[in-house]
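Notes follow once the structure below has been shown.
Chain identifiers are assigned alphabetically (A, B, ...) following the order of the sequence lines, protein sequences preceding nucleic acid strands; residue numbering begins at 1 within each chain.
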Number of protein chains: 2
Amino acid sequence: MNKIEIERAHQRVEPHVHRTPVLTNSFLNELIGASLYFKAENFQKVGAFKARGAINALSQLDKSIEHVATHSSGNHAQALAWGAKKLGMKATIVMPKNSPQVKVDAVKGYGAEIVLCKPTLEARESTLQEVLAKTPGKFIPPYNHEHIICGAATAAKELLEDSKDIEAIIAPVGGGGLLSGTALSSKHFASSIKVYGAEPKMADDAQQSFRVGKLIPSVNPNTIADGLKTSLGEINFKVISKHVEDILTVTEDEIKEALFLILERMKIVVEPSSAVALAVVLKNKELFNNKKVGLILSGGNLDLTQLRLWKK
Amino acid sequence: MNKIEIERAHQRVEPHVHRTPVLTNSFLNELIGASLYFKAENFQKVGAFKARGAINALSQLDKSIEHVATHSSGNHAQALAWGAKKLGMKATIVMPKNSPQVKVDAVKGYGAEIVLCKPTLEARESTLQEVLAKTPGKFIPPYNHEHIICGAATAAKELLEDSKDIEAIIAPVGGGGLLSGTALSSKHFASSIKVYGAEPKMADDAQQSFRVGKLIPSVNPNTIADGLKTSLGEINFKVISKHVEDILTVTEDEIKEALFLILERMKIVVEPSSAVALAVVLKNKELFNNKKVGLILSGGNLDLTQLRLWKK
């Protein structure tokens, strides 16, 4: 995935997605002793960066394909449903039964068909095969695909264009679509930047894989950052191994603290996965001290009724 | 309060406050059948438009004054504390005991002294007199003052500058500082615009006063829109009587519905008082059909732990 591929992805996605703003906050800058630049993908179409990868993948499909399908616990589901509607295709989404209701409702709202399954990777994959056996079409994976990665990369590309001289950039890591895309854009468009992955300690398969040097899948991850429960993909892992400085983890309490700081101080709604990046900066102040730091706020699809339970 | 006074107020406040963005949302536009322009004062300093009035009033005080005081249930308290710190003055804030903790904490954070009192207007006023007897200084009222109104007016002035051809503008009304300021800016800078006040049915003293033609104070208002419990001020009432088209009320359920639409669809944090303006538009779709409508989102100081209780 070279520079030109990401530039072409950007040309493909730009007509469909928002160029989301880059936000700053003087309170958080003082608290941390750094200059933070938040790429607000919570304001993106479908409320998450996933819109970028979905539209990039869908718009490269053969014209003969009328049906697309995927399995996803959340934002990729919405993104594919939205993208398919936008391009006049039919979409079927296999979702685990324990997906947040707000995300299931949103997928329905974009007119996709939903098939619920058990919350295991095996059940997701077998159900998807059944769907595609019944109605032929194309599987669009959530992260382990070059078109998805190049689409995700456009968020960091815009951040680097809009905020000059960023020295470090942090993206949350679940399946690794956003982090691998962020790493590629950083390499191609601002090669001296250090890229960090931010991960919940309760779902630290990416950190383990990164440090050991081989893919170690996630086992029963249990974190409020529901978007980061998935295991790292193979293509994503290759990119991350090569171009990421380190993957740093945070506890559930640290994620909650960062989430409330964003909600209460920045006055924007983000989902816990987005707060993981800020939590990493809060925990590693000395690493980012006096630096210009970019953070990707990956999405804003938060179940607001959970906040009471998470507040200390 | 003529055009020049508001322009001078704008010159006074501009170096200290944010020029907050004007937001749009395609989902809400479709839902309502109108083009909505949200002036996002939830992103303002201290999280509310009140910063504008406070700094406009404080910066016109005689240089000899070193201490300012007020009584406020919330955002004016923060605004005065913040403004006093900014201009190097000491501030004492009389707050009713039942003020949201998030607002009490914020006032403390700006370094002001807090004196708690019973949650009645009488207790607030007598406690304030005691404070000023002990430490001489100047009382800065929350809304019933021309400098406060001219400061508040600058929010609508910016909205009208940044979004051309707005046909109607809606502001929530509590004490009436924001609504009277909005009405004055609309008259002076875009005279053909119709201005509406948005009020909770459970605190409808402004609607009653407006329709009867004399000030009727609020009696035991009980609404989640805590910023709108105060009774309309005299100066505010005069301006509103002359320049406002109508005052429209909404129920608590309608406020909650609008609040969740803003949080979930716009991905921004606003307090219930801000949602009252959108609730009025949702309830009166025919009045705003196909129009360009401005809404002032007055603030973002929301007690997030309450959301679970408010969600249907």
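Between A:Val269 and B:Val269, the shortest heavy-atom contact is CG2-CG2, 3.8 Å.
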What are the sub-3.5 Å donor-acceptor pairs between chain B and chain A, distances to 0.1 Å?
from, atom 1, to, atom 2, distance (Å)
B:Lys267, O, A:Val269, N, 2.9
B:Lys267, NZ, A:Gly300, O, 3.0
B:Lys267, NZ, A:Asn301, OD1, 2.7
B:Val269, N, A:Lys267, O, 2.9
B:Gly300, O, A:Lys267, NZ, 3.1
B:Asn301, OD1, A:Lys267, NZ, 2.8
B:Thr305, O, A:Arg308, NH1, 3.2
B:Arg308, NH1, A:Thr305, O, 3.1

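At a 4.5 Å heavy-atom cutoff, A:Leu23 makes no contact with chain B through either its backbone or its side chain. With a threshold of 4.5 angstrom between heavy atoms, B:Phe27 does not approach chain A through any atom at all.
Residues meeting the side chain to side chain contact (heavy atoms under 4.5 Å, CB included) test with B:Ala112, sequence neighbours left out: B:Ala81, B:Ala91, B:Ile93, B:Val107. Applying the ring pair (Phe, Tyr, Trp, His ring centres under 6.0 Å) criterion to B:Phe288, with sequence neighbours excluded, gives B:Tyr196.
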